[in-house]
Amino acid sequence: MMEISQPLAELDWIPRPRLLALHRLGLETAEDLLTHYPRRHEDRHEFPAFPHEESDVPVCLCGEVTKTSLRRFGGWKKIFEATLQESNANALSEPLVCRWFNLHYVQKMIATGQRLVVFGKPRLRGKRVCMDHPEFEVIENDEEISIHFRRITPIYPATEGLSQRTLRGIIYRLLSELSDAPLETLLPSELGRGDRRSAIRAIHFPEDWESLSTAREHLVLSEFFAMQMLIASRRAESQVRVGAAHCGRGELLGRFLRSLSFELTDAQRKVIAEIRRDLGTNVPMNRLLQGDVGSGKTVVAIGAILLAIEAGCQAAFMAPTQILAEQHYAVLRRWLEPLGVRLSIRTGARQEESGPLPLFDHRDAQILGSAGGPPDKQTDVRYTKRLLPHFERPWAKYAVTFAARERRVLSPAARDIVLDCILHWQTRRYELYAACVMPDHVHMLIEPGVKGNGEEGEAIFYSLSEILHTIKSFTAHEINRLEKSSGEIWEAESFDRLLRSERDLQEKFEYITRNPWDAGVVEAREDYRWVWWSGVQQTKNFAASHREEQASGLCSPESRLRGGAPDVIIGTHALLYETVSFSNLGLVVIDEQHKFGVAQRARLTAREPAPDVLVMTATPIPRTLTMTVYGDLDVSVIDEMPRNRGKIITAVRDESKLSEVLGFLRTQLEAGRQIYVIYPLIDESEKLDVKAAATEYELWRERLHPLRCELLHGRIPSAEKQEIMERFRSGETQVLISTTVIEVGIDVANATVMLIENAERFGLAQLHQLRGRIGRGEHKSYCILLSSDQSKETATKLAVLEKTVDGFKVAEADWDLRAT
């Protein structure tokens, strides 16, 4: 019999390709797999008749494939269609047409005569009833048909190479081989019906709907109870941590408040008093500040920062995006530099000189450049080379190496080409921490960047193969052109490891930046200009022709510390990767905290004595859930908006009204106002009938000529993003065509109109966040939600935003809609 803790790799009946697919889902043990719960269940005892009308509710149907066809349109695009006939068809029965766009593998899986179970929303397309991109499963008449058919059948989150049928069969066998030993649970017996073993069996393969409901109730209650125990444990741990008082007398705060051109609201004053009381105790503050968009949370955070600075402490202000960090840096400089507060910004693309680098602080480093020399610290770290990983993780860091073919020696000019190409793509496709171009091979330490969003809004990252193909193909072409030669330049790439710890990162950084000297390519005090790290680049343009000129003036991070550390360090995730850059960290402010994980917050705050922590969110949470989700935090709420804010009017319009909307936009632009136009995608998708910012940008330039329009999205390099935003803030640009990259932190008082296309593709909370970018000044503002979706569900959702601008009411409505 099998134990629940047994690794799946020890089960010889699971083929290795299936194991790799299970690992991609994070499933390593039998318990992992048994707690990989179905996302829904289908009743396959008896299927409904094929529909004659469309429906907003997805349905599960079964039929026989009577016809398949493949049609082309638009040159290279394809539609694969499978026509299904229901089992007991009669004269009134109508076939169902299932369609897949540009999914070439589907036509290899479906053939005439097969029986399919499909799940999706039926839509009328002319006179035909169609399902676009339905989930499907081929029903085979084998000995395992009872697992997949004629029962309540589980449907799981799956992955490539792991079909529903395969995954369902593995879990079924796992349950049958599980030992009879009781399964441990945290849930007290008096709180839940039944036991964990029965609940796990019933959640996967229930006998009836009642047993499924009972099992789900037991497992949900168990998870909720475990979550509450964890929250209580965190609160207890935070209470016993060694802390210190970080509260000054308030003179700086008083000077700051007197310099403001407006009065604080009563809610802001109340929250500042709560924070001041926490900062004055030896128990570490752990407080959540909730407030609607535009309620003035930043002013409250500045008040907390000034109290900590006056007590002789440093403060860290962490934001989730480059744009938001830049916004905070600009605001804090304007308000705090007149008070003598020293500020510093630390992001992947920008490091000011007033403080230490957030990522690497080499205390023994020499000046890099003509003065010569790598970091002094010796290391004999060795790494084995492997092929690129078969799966890649979000926000992961990789050390990658690729060598010249047949150990070809690259000339200095060729090395310039390689390094310039690597630097060109940093911030565009990856975060670059270090690079070294050796005479016959190249080292890179990188974190792949976000390429775009998937169908469900999840981040899609550039793959290592994409990144390296771009670099290798471009440099090979340029080197061949330079040397008037032809042929391949590079061997296949390899990678050292997926970096899993700060120590790994530090070791690999030192290995790469010291490589020319350790390998004896240059002498100890010689310069090697083809080494780059994240502290070297100080100007926007870092071409080879400038590198030697700059090198003699570039100092190690430690030399910049001698002038005194900054009082406030503002940054993005870059602040997470440093353990000693803060000389006396007393307060950590984390904006848009929901964008960071618990482990990420802990990384910045896990030091002794413990700093005080203030986390902020402009995404209101229903009051009934606040203590459930944030039971380990004290909660403060700003429930009052500043005076003299313009009213926001929200209107939902059909796409057919676009010409009328354009007329309204022109009147606003003629009045001197500025406009945001928001799209859900950067580029057009083959799978989705959704407009995209990059595609529509040229149309907007034509429509609004001669007014200036600019395009902003997540794949634009950080420095260029900042320039675009600066032009918009200054009024040089009148219309900003953007994706949700502007969702948080953008504050342009003269921007009073927001047009959101395909509004049905956004969630309520996201639409409310986007709407918060307008109404920042005294002028009346307008949010126009364009949608072509006429469904009742979409109409109900968008009507919420027409009725209220109160974020807490929006959150409550969102909660109610999700519960129905």
Side-chain angles (χ1 to χ4, degrees), residues 73-77 101-102 321-324 349 424-430 448-463 466-467 469-470 474 655 658 661-662 665 669 674-729 732-746 748 751 753-762 766-767 769-770 773 784-789:
F73 68 101
W76 54 272
K77 297 180 181 180
F101 299 83
N102 295 310
T321 66
Q322 171 85 20
I323 289 179
L324 185 52
H424 173 78
W425 288 107
Q426 69 155 328
T427 73
R428 289 175 168 87
R429 293 195 171 187
Y430 49 80
V450 175
K451 182 178 182 180
N453 292 322
E455 293 183 26
E456 299 180 1
E458 75 280 10
I460 298 175
F461 293 78
Y462 283 101
S463 67
E466 282 181 287
I467 292 169
H469 175 74
T470 301
F474 175 80
E655 288 278 2
L658 181 58
V661 171
L662 285 173
L665 297 183
L669 290 167
Q674 291 167 274
I675 294 174
Y676 298 105
V677 181
I678 309 299
Y679 289 93
L681 300 178
I682 298 176
D683 298 311
E684 284 187 330
S685 167
E686 298 175 3
K687 300 178 182 179
L688 302 175
D689 184 18
V690 177
K691 293 182 180 180
T695 309
E696 299 290 314
Y697 170 59
E698 292 300 330
L699 286 175
W700 282 104
R701 292 184 65 184
E702 293 174 12
R703 289 167 179 163
L704 301 178
H705 182 78
L707 297 174
R708 181 168 185 167
C709 301
E710 291 208 66
L711 177 65
L712 183 70
H713 56 71
R715 296 210 299 263
I716 292 175
S718 297
E720 193 176 334
K721 280 184 199 170
Q722 183 62 18
E723 291 171 1
I724 292 169
M725 282 309 306
E726 285 302 324
R727 287 192 290 271
F728 190 68
R729 288 190 188 101
E732 187 178 341
T733 299
Q734 288 77 40
V735 182
L736 194 63
I737 316 299
S738 178
T739 59
T740 56
V741 71
I742 66 147
E743 181 183 346
V744 294
I746 307 304
V748 180
V753 182
M754 175 170 286
L755 173 64
I756 303 178
E757 295 240 35
N758 292 116
E760 73 279 0
R761 302 292 304 180
F762 300 91
Q766 195 171 35
L767 288 170
Q769 282 280 352
L770 288 166
R773 298 311 105 213
I784 304 168
L785 307 176
L786 277 185
S787 175
S788 58
D789 187 350

For residues [X] and [Y], report the shortest heavy-atom separation together with the two atoms involved.
X	Y	answer
Lys451	Arg715	O-NH1, 2.7 Å
Pro680	Glu757	CD-O, 3.7 Å
Asn758	Glu655	N-OE2, 3.9 Å
Tyr679	Phe762	C-CZ, 3.8 Å
Ala693	Ile737	O-CG2, 4.1 Å

Side chain to side chain, [X] and [Y], heavy atoms closer than 4.5 Å:
X	Y	answer
Val677	Leu736	no
Val748	Gln674	yes
Tyr462	Tyr430	no

Under the criterion side-chain contact (heavy atoms from CB on, under 4.5 Å), which of Leu665, Val735, Leu669 is the partner of Val753?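 When side-chain contact (heavy atoms from CB on, under 4.5 Å) is applied between Val753 and each of Leu665, Val735, Leu669, only Leu665 qualifies.
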Going by an N to O cut-off under 4.0 Å, is there a salt bridge joining [X] and [Y]?
X	Y	result
Glu466	Arg429	no
Arg701	Glu696	no
Arg708	Glu710	yes

inquiry  = Show, in sequence, the C-alpha distance, side-chain angles and deciding distance for Leu767 and Ile756, and conclude whether the side-chain contact (heavy atoms from CB on, under 4.5 Å) test is met.
reply    = CA-CA 8 Å; Leu767 288 170; Ile756 303 178; 3.8 Å; yes
